[in-house]
Amino acid sequence: MAEIVRGKEVFILTTNVDMQFERVFPQNSICSYQGNVGYFQCSQPCHDRIYPNENIIREMCENMLGMRIPSEPLPRCRVCGRIMVPWVRDDTFLEGRDWKDGVIRYESFLKQCLTKENAKSVLLLELGVGEMTPGIIKLPFWEMAYKNKGAFYVCMNQEDSSSPEHLKNKSLYIDGDLSKTLQDLKQIMKGKAGTGK
Ligand SMILES: [Zn+2]
(Lines give C-alpha, C1' and ligand atoms only; values in the text may rest on other atoms or scores of the structure.)
Protein backbone atom coordinates (compact mmCIF):
# COMPACT_ATOMS: atom_id res chain seq x y z
CA MET A 1 0.00 0.00 0.00
CA ALA A 2 2.72 2.48 0.99
CA GLU A 3 4.56 1.86 -2.27
CA ILE A 4 1.46 2.50 -4.35
CA VAL A 5 0.93 5.97 -2.88
CA ARG A 6 4.59 6.88 -2.53
CA GLY A 7 5.29 10.50 -3.41
CA LYS A 8 1.64 11.52 -3.01
CA GLU A 9 0.06 13.51 -0.24
CA VAL A 10 -1.78 10.88 1.75
CA PHE A 11 -4.12 10.79 4.69
CA ILE A 12 -5.57 7.61 6.20
CA LEU A 13 -9.03 7.53 7.74
CA THR A 14 -9.55 4.10 9.25
CA THR A 15 -12.10 2.23 11.32
CA ASN A 16 -9.54 -0.52 11.95
CA VAL A 17 -8.12 -0.54 15.46
CA ASP A 18 -5.25 -2.93 14.83
CA MET A 19 -2.34 -0.46 14.44
CA GLN A 20 -1.31 -1.80 11.04
CA PHE A 21 -1.34 1.58 9.30
CA GLU A 22 0.99 2.97 11.98
CA ARG A 23 3.63 0.51 10.81
CA VAL A 24 4.00 2.28 7.48
CA PHE A 25 2.44 5.73 7.70
CA PRO A 26 3.31 8.57 10.10
CA GLN A 27 0.99 8.86 13.07
CA ASN A 28 0.01 12.43 12.20
CA SER A 29 -1.40 11.34 8.84
CA ILE A 30 -3.78 8.77 10.36
CA CYS A 31 -7.19 9.27 11.94
CA SER A 32 -8.20 6.17 13.94
CA TYR A 33 -11.89 6.94 14.11
CA GLN A 34 -12.83 3.89 16.17
CA GLY A 35 -9.79 4.00 18.44
CA ASN A 36 -6.61 1.98 18.58
CA VAL A 37 -5.84 -1.15 20.62
CA GLY A 38 -2.36 0.22 21.30
CA TYR A 39 -3.80 2.54 23.96
CA PHE A 40 -5.72 2.21 27.21
CA GLN A 41 -8.35 4.56 28.56
CA CYS A 42 -10.14 4.63 31.92
CA SER A 43 -13.25 2.43 31.64
CA GLN A 44 -15.45 5.18 33.08
CA PRO A 45 -13.80 7.25 31.50
CA CYS A 46 -13.11 9.70 34.32
CA HIS A 47 -10.47 11.80 32.57
CA ASP A 48 -9.36 12.73 29.08
CA ARG A 49 -6.17 10.84 28.46
CA ILE A 50 -5.12 7.70 26.61
CA TYR A 51 -2.02 5.68 27.49
CA PRO A 52 0.29 3.61 25.25
CA ASN A 53 -0.10 0.06 26.53
CA GLU A 54 2.58 -2.08 24.89
CA ASN A 55 4.69 -2.56 28.02
CA ILE A 56 1.67 -3.33 30.21
CA ILE A 57 0.36 -5.88 27.70
CA ARG A 58 3.77 -7.56 27.51
CA GLU A 59 3.88 -7.75 31.28
CA MET A 60 0.37 -9.22 31.40
CA CYS A 61 1.36 -11.84 28.83
CA GLU A 62 4.45 -12.77 30.81
CA ASN A 63 2.33 -13.28 33.92
CA MET A 64 -0.33 -15.43 32.30
CA LEU A 65 -1.30 -18.59 34.13
CA GLY A 66 -2.48 -20.86 31.36
CA MET A 67 -5.19 -18.82 29.66
CA ARG A 68 -5.77 -16.54 32.66
CA ILE A 69 -4.20 -13.27 33.74
CA PRO A 70 -3.83 -12.71 37.50
CA SER A 71 -5.62 -9.58 38.71
CA GLU A 72 -2.46 -7.89 39.97
CA PRO A 73 -0.99 -6.72 36.64
CA LEU A 74 -4.39 -5.58 35.34
CA PRO A 75 -4.04 -1.86 34.68
CA ARG A 76 -5.95 0.50 36.95
CA CYS A 77 -6.83 4.14 36.32
CA ARG A 78 -4.41 6.30 38.25
CA VAL A 79 -7.16 8.86 38.87
CA CYS A 80 -10.23 6.83 39.92
CA GLY A 81 -8.82 3.31 40.35
CA ARG A 82 -11.22 1.69 37.88
CA ILE A 83 -9.92 -0.87 35.44
CA MET A 84 -8.33 0.41 32.23
CA VAL A 85 -9.68 -0.86 28.92
CA PRO A 86 -8.48 -0.75 25.30
CA TRP A 87 -9.22 2.55 23.57
CA VAL A 88 -11.68 1.03 21.13
CA ARG A 89 -15.21 2.11 20.23
CA ASP A 90 -17.92 0.93 22.61
CA ASP A 91 -20.41 2.64 24.95
CA THR A 92 -17.69 4.32 27.00
CA PHE A 93 -15.26 5.12 24.17
CA LEU A 94 -13.27 8.25 24.95
CA GLU A 95 -13.79 10.83 22.21
CA GLY A 96 -11.40 13.21 23.90
CA ARG A 97 -8.45 15.35 22.91
CA ASP A 98 -6.59 12.65 20.95
CA TRP A 99 -9.67 11.48 19.07
CA LYS A 100 -10.67 15.05 18.18
CA ASP A 101 -7.11 15.80 17.12
CA GLY A 102 -7.30 12.95 14.58
CA VAL A 103 -10.62 14.16 13.20
CA ILE A 104 -9.39 17.74 12.94
CA ARG A 105 -6.25 16.63 11.08
CA TYR A 106 -8.39 14.62 8.65
CA GLU A 107 -10.79 17.52 8.08
CA SER A 108 -8.01 20.02 7.50
CA PHE A 109 -6.35 17.67 5.04
CA LEU A 110 -9.62 17.41 3.11
CA LYS A 111 -10.15 21.13 3.23
CA GLN A 112 -6.69 21.77 1.88
CA CYS A 113 -7.25 19.29 -0.99
CA LEU A 114 -10.83 20.11 -1.88
CA THR A 115 -11.30 23.84 -1.44
CA LYS A 116 -11.56 25.80 -4.65
CA GLU A 117 -8.39 27.81 -4.32
CA ASN A 118 -6.36 24.67 -3.62
CA ALA A 119 -8.35 22.22 -5.71
CA LYS A 120 -6.26 19.22 -6.70
CA SER A 121 -6.90 15.79 -8.12
CA VAL A 122 -8.12 13.79 -5.16
CA LEU A 123 -8.41 10.03 -5.15
CA LEU A 124 -10.81 8.74 -2.52
CA LEU A 125 -9.57 5.21 -2.14
CA GLU A 126 -11.84 2.95 -0.09
CA LEU A 127 -10.25 -0.32 0.94
CA GLY A 128 -12.32 -3.17 2.34
CA VAL A 129 -14.97 -1.08 4.05
CA GLY A 130 -17.86 -3.21 5.32
CA GLU A 131 -21.52 -2.37 5.77
CA MET A 132 -21.44 -1.85 9.54
CA THR A 133 -20.61 1.87 9.69
CA PRO A 134 -21.11 3.39 6.22
CA GLY A 135 -21.44 6.87 7.71
CA ILE A 136 -17.74 7.10 8.54
CA ILE A 137 -16.01 6.38 5.24
CA LYS A 138 -18.29 5.15 2.45
CA LEU A 139 -21.10 7.73 2.43
CA PRO A 140 -18.87 10.79 2.98
CA PHE A 141 -16.59 9.52 0.19
CA TRP A 142 -19.58 9.23 -2.16
CA GLU A 143 -20.64 12.74 -1.31
CA MET A 144 -17.17 14.21 -1.77
CA ALA A 145 -16.68 12.42 -5.09
CA TYR A 146 -20.02 13.72 -6.30
CA LYS A 147 -19.61 17.30 -5.14
CA ASN A 148 -15.98 17.93 -6.06
CA LYS A 149 -14.86 18.23 -9.64
CA GLY A 150 -11.34 16.94 -9.09
CA ALA A 151 -12.33 13.98 -6.91
CA PHE A 152 -12.58 10.36 -8.02
CA TYR A 153 -13.78 7.42 -5.92
CA VAL A 154 -12.29 3.92 -6.04
CA CYS A 155 -13.78 1.07 -4.04
CA MET A 156 -11.78 -2.12 -3.55
CA ASN A 157 -13.60 -4.88 -1.76
CA GLN A 158 -13.72 -8.64 -1.42
CA GLU A 159 -17.28 -8.74 -2.67
CA ASP A 160 -19.47 -6.74 -4.96
CA SER A 161 -20.27 -3.34 -3.40
CA SER A 162 -23.23 -1.09 -4.00
CA SER A 163 -22.42 1.51 -6.64
CA PRO A 164 -24.60 4.61 -6.75
CA GLU A 165 -25.87 5.73 -10.13
CA HIS A 166 -24.85 9.37 -9.64
CA LEU A 167 -21.17 8.33 -9.35
CA LYS A 168 -21.20 6.40 -12.61
CA ASN A 169 -18.48 8.47 -14.25
CA LYS A 170 -16.61 9.28 -11.07
CA SER A 171 -15.96 5.86 -9.64
CA LEU A 172 -14.26 2.54 -10.17
CA TYR A 173 -15.05 -0.77 -8.47
CA ILE A 174 -12.52 -3.55 -8.11
CA ASP A 175 -13.70 -6.79 -6.49
CA GLY A 176 -11.46 -9.50 -5.13
CA ASP A 177 -8.81 -10.20 -2.54
CA LEU A 178 -7.37 -6.87 -1.47
CA SER A 179 -3.83 -8.11 -0.98
CA LYS A 180 -3.82 -9.53 -4.51
CA THR A 181 -5.37 -6.41 -6.03
CA LEU A 182 -2.79 -4.17 -4.36
CA GLN A 183 0.03 -6.50 -5.37
CA ASP A 184 -1.14 -6.44 -9.00
CA LEU A 185 -1.45 -2.69 -8.89
CA LYS A 186 2.08 -2.38 -7.59
CA GLN A 187 3.37 -4.54 -10.45
CA ILE A 188 1.48 -2.50 -13.03
CA MET A 189 2.88 0.73 -11.61
CA LYS A 190 6.39 -0.69 -11.57
CA GLY A 191 5.97 -1.69 -15.21
CA LYS A 192 4.80 1.79 -16.16
CA ALA A 193 7.66 3.42 -14.28
CA GLY A 194 10.06 1.11 -16.12
CA THR A 195 8.74 2.10 -19.56
CA GLY A 196 8.41 5.74 -18.61
CA LYS A 197 4.63 5.80 -19.32
ZN1 LIG B 1 -10.62 6.76 35.91
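Both ligands and their constituent atoms are indexed starting at 1 by order of listing. Quick caveat, the model's predicted, so the values are computed rather than measured.
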Side chain to side chain donor-acceptor pair (under 3.5 Å) evaluation trace for Asn63 with Glu72: CA-CA 9 Å; Asn63 286 296; Glu72 203 169 288; over 6 Å; no
Evaluate the side-chain proximity of Arg68 to Met64: yes if any heavy-atom separation is below 4.5 Å, no if none is. no
Taking the six-membered ring for Trp, are Trp87 and Phe40 ring centroids under 6.0 Å apart? no
Exam field: side chain Asn53 to backbone Ile56, donor-acceptor pair closer than 3.5 Å: no
Excluding waters, which protein N, O or S atoms are within less than 2.8 Å of the Zn ion (ligand 1)? Cys42 SG, Cys46 SG, Cys77 SG, Cys80 SG
Knowing that exactly one of Phe25, Tyr106, Phe109 qualifies, which makes a side chain to side chain contact (heavy atoms under 4.5 Å, CB included) with Ile12? Phe25
Decide if the gap between the ring center of Tyr51 and the ring center of Tyr39 is smaller than 6.0 angstrom. no
